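Notes follow the structure.
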Protein chains: 2
Amino acid sequence: MEQPTIAERLINSHIKPSYSRIKIMEYIVNERSHPTVEEIYNELLIELPTLSKTTVYNTLYVLMKAKLIRLITIEENETRYDADLSEHGHFKCERCGSIYDFCISLENNSIEGLNGFLIDDKNVYFKGVCQSCLANKNNN
Amino acid sequence: MEQPTIAERLINSHIKPSYSRIKIMEYIVNERSHPTVEEIYNELLIELPTLSKTTVYNTLYVLMKAKLIRLITIEENETRYDADLSEHGHFKCERCGSIYDFCISLENNSIEGLNGFLIDDKNVYFKGVCQSCLANKNNN
DNA sequence: GTTCCTGCAAAAGCTTTGCAGAAGA
DNA sequence: TCTTCTGCAAAGCTTTTGCAGGAAC
C-alpha cells in the first residue's frame, strides 16, 4: 500500500501544496520530536531563508483546521505540534526536556462522568524523569 | 475526621497564611471551575480591592511549588488551576467552554513504552461537546 | 485578472521581573 | 529591626492582525 506524499495529503485536504507548506508539514511528520513554532521556524530557515514566523503560524493554523496535525500542550508556555493522529500519550522528561510517545488506549466505557458527551479529542500528558536521565544520575 | 482549614494547609506546607493567599487558595478549592488567573483576579477584586495580578501570579507559583494546586493546560492560551489533586480527567466543552471533571484511572501497567520511567504527573484532557449543549442544540 | 500565499511591522495578550513601600514577626 | 508580602510599572515573549507585494493559475 502506497503512502500518499505530503503534497498529496495537502491536496486531499484541499490545501494548496505550496513549498513552505510542504516543508512545514514534512518537518512535523519526519521529525517526530513534536516541535514548537520556534523549532520549526529555526530549522526551516536554513532551507527557506525568507520564511517568516507568520507563515509558520498561518500554515500550522491551516493544517490544524484540516486536522492533519494536532496541538500538544504539555506545558503552558510551549505549544507543540504532532502529525501522528493515532491515540497515544506524551511523556515529557522534566530533566532533559525530551518528549516520548507511549501507547495508551482509553476506552470510553471505562470513563465515569461523561455519559452522553460527544468526545472529539483525547489528550494524555505525563511528566516525570525518563529512563535515560535516571540512568545518567547514577553515573554522575 | 476534621478537614484542615485553608490556613492550616498553607502552614503545613510552610507557606505564610496571608489574607491574600488564603483567599486565593480558598477560591480555587471552593470554586471547582478550574479558574484562570483572570477569573481569580476579577472575582477576588470585589473583596480585596487592592489585589494585584502580580500577587495572584506569585501566590499561584507558591501554591504550585508546594503542590497544593496543579496546572491544567487543556488549551494553549488559557492556564487554569485545580486544587483537586486526585487522579481525574478534564473535559472541555468546545461549545460552552465549561470544564467537567471525570473519573479515570490509568494503571501504569497498561501503558506501553514507559518502562523504567519515573512518572510524577498524569494529565488527561478531553474535548468535545457536553451533554447539556447537545440537548440545547435540539431545542434551537 | 483574480485569487490567495507570504512576510514585514505593529498590536495584543499573558506572564515575569525589578523595585519600593507596607505589613508582620 | 528584619524579613517577606504586596503591587505598580516596565519588560519580555508568544501569538495575532493589518496590510501590501508577489506568486500562481
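Given the structure is predicted, the values throughout are model-derived calculations rather than measurements. Computed over heavy atoms, backbone and side chain alike; hydrogens, waters and symmetry mates excluded. By convention in this document, chain letters (A, B, ...) are assigned in the order of the sequence lines, proteins followed by strands, and residues within each chain are numbered from 1.
- The side chain of Thr59(B) contributes no N or O atom lying less than 4.0 Å from OP1 or OP2 of dC5(D).
- Criterion: ILVMFWY side-chain heavy atoms under 4.5 Å apart, direct or through other members. Under it, Ile74(A) and Ile74(B) are part of a common hydrophobic cluster.
- Taking atom CD1 on Ile15(B) and atom P on dT6(D), their separation rounds to 11 Å, with Å as the unit.
- With salt bridges taken as basic N to acidic carboxylate O contacts below 4.0 Å, one links Lys92(A) and Glu78(A).
- Distance, Tyr81(A) OH to dT14(D) P: 13 Å, rounded to whole Å.
- Toward the 5' end of DNA chain C, the nearer of the two residues Leu51(A) and Glu78(B), judged by each one's closest nucleotide, is Leu51(A).
- Within 4.0 Å of Asn77(B), counting heavy atoms only, lies no atom of the nucleic acid at all.
- Look at Arg80(A) and Glu75(A) and you find no salt bridge, because none of the NZ, NE, NH1 or NH2 atoms lies under 4.0 Å from a carboxylate O.
- Contact between the side-chain N/O atoms of Ser20(A) and the OP1/OP2 oxygens of dT6(C) is found at a separation under 4.0 Å.
- Tracing side-chain contacts under 4.5 Å through hydrophobic residues (I, L, V, M, F, W, Y), one never reaches Leu68(A) starting from Ile72(A); they form parts of separate clusters.
- In this entry the distance linking CG of Leu44(B) with C1' of dT6(D) reads 15 Å, nearest Å.
- Phosphate proximity of dC8(C) to Ser52(A): absent, as no side-chain N or O sits under 4.0 Å from OP1 or OP2.
- Note on Thr55(B): a side-chain N or O is less than 4.0 Å away from OP1 or OP2 of dG7(D).
- Taking side-chain N and O atoms only, Ser18(B) has a distance below 4.0 Å to OP1 or OP2 of dT6(D).
- Between the CD atom of Glu39(A) and the C1' atom of dT14(D) there is a distance of 14 Å, rounded to whole Å.
- Remark: C1' of dC14(C) and CD1 of Ile40(B) are 14 Å apart, rounded to the nearest angstrom.
- The nearest heavy atom of DNA chain D to Pro49(B) and to Glu76(B) marks one nucleotide each, and the one closer to the 5' end goes with Pro49(B).
- Positionally, the nearest nucleotide of DNA chain C for Thr79(B) lies more toward the 5' end than for the other of Lys16(B) and Thr79(B).
- Atom CE of Met64(A) is separated from atom P of dT16(D) by 9 Å (rounded to the nearest Å).
- In this structure, His34(B) and His90(B) have perpendicular ring planes: the angle between them is above 60°, well past the 30° mark.
- The side chain of Tyr57(B) contributes an N or O atom lying less than 4.0 Å from OP1 or OP2 of dT15(C).
- Rounded to whole angstrom, the span from the NE2 atom of His14(A) across to the P atom of dC5(C) amounts to 14 Å.
- Taking the side chain of Val37(B) as heavy atoms from C-beta on, and the options dG7(C), dT15(C), dT15(D), the nearest nucleotide is dT15(C).
- Regarding Lys53(A), its NZ atom lies at a distance of 14 Å from the C1' atom of dA9(C), rounded to whole Å.
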